Each structure stands twice: as structure tokens, then as C-alpha cells.
Amino acid sequence: MVLQKNARDIEFKKQQIWTVVSAIPYGCVASYGQIATMAGLPNYARFVGSCLKNLPKDTLLPWHRIINSQGKISFPLDSARFFRQKELLEKEHVLVSNGRVSLKKYQWNV
DNA sequence: CCCCTGACATCAA
DNA sequence: TTTGATGCCAGGG
């Protein structure tokens, strides 16, 4: 993929990321870097985060299934965002203890 | 144009 | 295993 730097391509990249994120199955988790790579955008892990941060509160995207490369939630343990993500994960039977998720990453069939 | 920041990743020590 | 330095990319000042 040709990586240019104009607004149109940025939008395209966001769509790629959203597509991949929405494809994460129920009860599974993936890392930012993995999402970026699967979207055809290696090294865009950071960009994945910046895309998710301004999602509407009622978004349908399963953003809570995205964690960092250490298998942990990327929020301070005492933050409201952290609890929201943890709650959504546990609703899918994914346990979270001390920020760590009870699942291995990359755990679904593509 | 430079510098800093951020829901990150990777590697060396 | 944990920590600090580097690399990464887009945005904002």
C-alpha cells in the first residue's frame, strides 16, 4: 500500500482500522499493533489508539477488545475509562485482573 | 519548521 | 521481569 500523507488517505486508513476492529469476534482480544498490521498499516499502532480515542460513547465498534502488547488494558487502573473497558470485557466473559486480560492475544481464526 | 504528546511496540540491560 | 531509550505516525501549538 502506498503511504501518502494527505487528508484523504488518512481517512482511508481510519476506515481500514475500523474494519479490522469491527471484525474482532466476541470474547476475543487483539493488540494495537496487530490491528494496525492486519489493516495493512504496520507501525501504525499508535495511530490505532488515536483513532479510537474520539469515538462516540455509543459506538458499535468493539474498542474494548483492543489491549496493548503486554496483554493489559492501556489505561490507568483507577481511571473511569479503565473500568468501562473492564466492564465491557467481563460482560463477554473475559476476566481482567490487575489490568491484565485472561486471554492470550491473537486468539481467533482469520 | 521544530517540538511535544499520545488508548503503542520493541529491544537492550 | 521491569525499565529506559528508540522508533513510529498523526495532530496541535
Side-chain angles (χ1 to χ4, degrees):
Chain A
M1 141 179 289
V2 182
L3 298 180
Q4 296 188 46
K5 191 174 179 179
N6 56 58
R8 185 173 51 76
D9 284 330
I10 298 299
E11 279 310 307
F12 177 71
K13 291 169 188 169
K14 285 183 182 175
Q15 287 186 37
Q16 297 301 295
I17 290 170
W18 290 335
T19 301
V20 175
V21 170
S22 65
I24 306 176
Y26 177 99
C28 298
V29 295
S31 75
Y32 293 90
Q34 185 189 10
I35 295 297
T37 300
M38 289 173 72
L41 303 168
N43 299 23
Y44 271 63
R46 248 182 148 136
F47 187 58
V48 172
S50 64
C51 284
L52 299 183
K53 75 180 177 189
N54 47 28
L55 286 175
K57 194 170 63 176
D58 57 353
T59 180
L60 296 172
L61 250 58
W63 58 270
H64 55 282
R65 298 180 188 145
I66 307 183
I67 58 182
N68 63 26
S69 66
Q70 304 170 43
K72 298 195 290 189
I73 292 179
S74 286
F75 287 123
L77 297 145
D78 52 9
S79 67
R81 303 232 268 335
F82 173 88
F83 286 117
R84 204 152 56 232
Q85 181 166 9
K86 170 176 171 156
E87 188 180 32
L88 288 169
L89 284 173
E90 294 183 333
K91 204 175 294 182
E92 302 187 356
H93 313 291
V94 178
L95 302 185
V96 179
S97 73
N98 207 354
R100 265 179 296 288
V101 168
S102 64
L103 281 182
K104 291 178 180 174
K105 293 177 300 179
Y106 324 134
Q107 188 168 328
W108 79 81
N109 304 319
V110 266

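Because the structure is predicted, anything quoted here is derived from the model rather than measured. So you know, we letter chains A, B, ... as the sequences are listed, proteins then strands, and number each from 1.
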Requested in this report: Check step by step if side chain to side chain contact (heavy atoms under 4.5 Å, CB included) holds for V29(A) and L89(A).
Outcome: CA-CA 9 Å; V29(A) 295; L89(A) 284 173; 4.2 Å; yes
Report summary line: In this structure, OG1 of T37(A) is separated from OH of Y32(A) (nearest 0.5 Å) by 14.5 Å
Query raised in the report: In whole angstroms, how far is the P atom of dC9(C) from the CD1 atom of I17(A)?
Result: 13 Å
**Report entry** Side-chain touch Q85(A)/I67(A), heavy atoms, less than 4.5 angstrom
**Finding:** yes
Report task. Would you mind checking if E11(A) and R8(A) are paired as a salt bridge, meaning a charged N to carboxylate O distance below 4.0 Å? Result -> no
Query raised in the report: Rounded to the nearest Å, what distance is computed from the CD1 atom of residue I10(A) to the C1' atom of nucleotide dG12(C)?
Result: 14 Å
Report task. Output every pair passing ring-ring contact (aromatic ring centres under 6.0 Å, His included) with a member in residues 71-102 of chain A, not counting sequence neighbours, ordered by first then second residue. Result -> none
Requested in this report: Using a 4.0 Å cut-off on protein heavy atoms (strictly under), produce a 5'-to-3' string for nucleotides 6-13 of chain B with B for base contact, S for backbone-only sugar-phosphate contact, and - for none.
Outcome: BBBS----
Requested in this report: Starting at atom CD of Q16(A), determine the distance to atom P of dC9(C), rounded to an integer number of angstrom.
Outcome: 17 Å
Query raised in the report: Does the side chain of K13(A) get closer than 4.0 angstrom to OP1 or OP2 of dA10(C) through an N or O atom?
Result: yes
Query raised in the report: What's the spacing between L61(A) CG and I17(A) CD1 if we round to 0.5 Å?
Result: 10.5 Å
Report task. Report yes if at least one side-chain N or O of Y44(A) is closer than 4.0 Å to OP1 or OP2 of dA10(C); otherwise report no. Result -> yes
Query raised in the report: With rounding to whole Å, what would you report as the distance between dT2(C) and dA7(B) at their P atoms?
Result: 23 Å
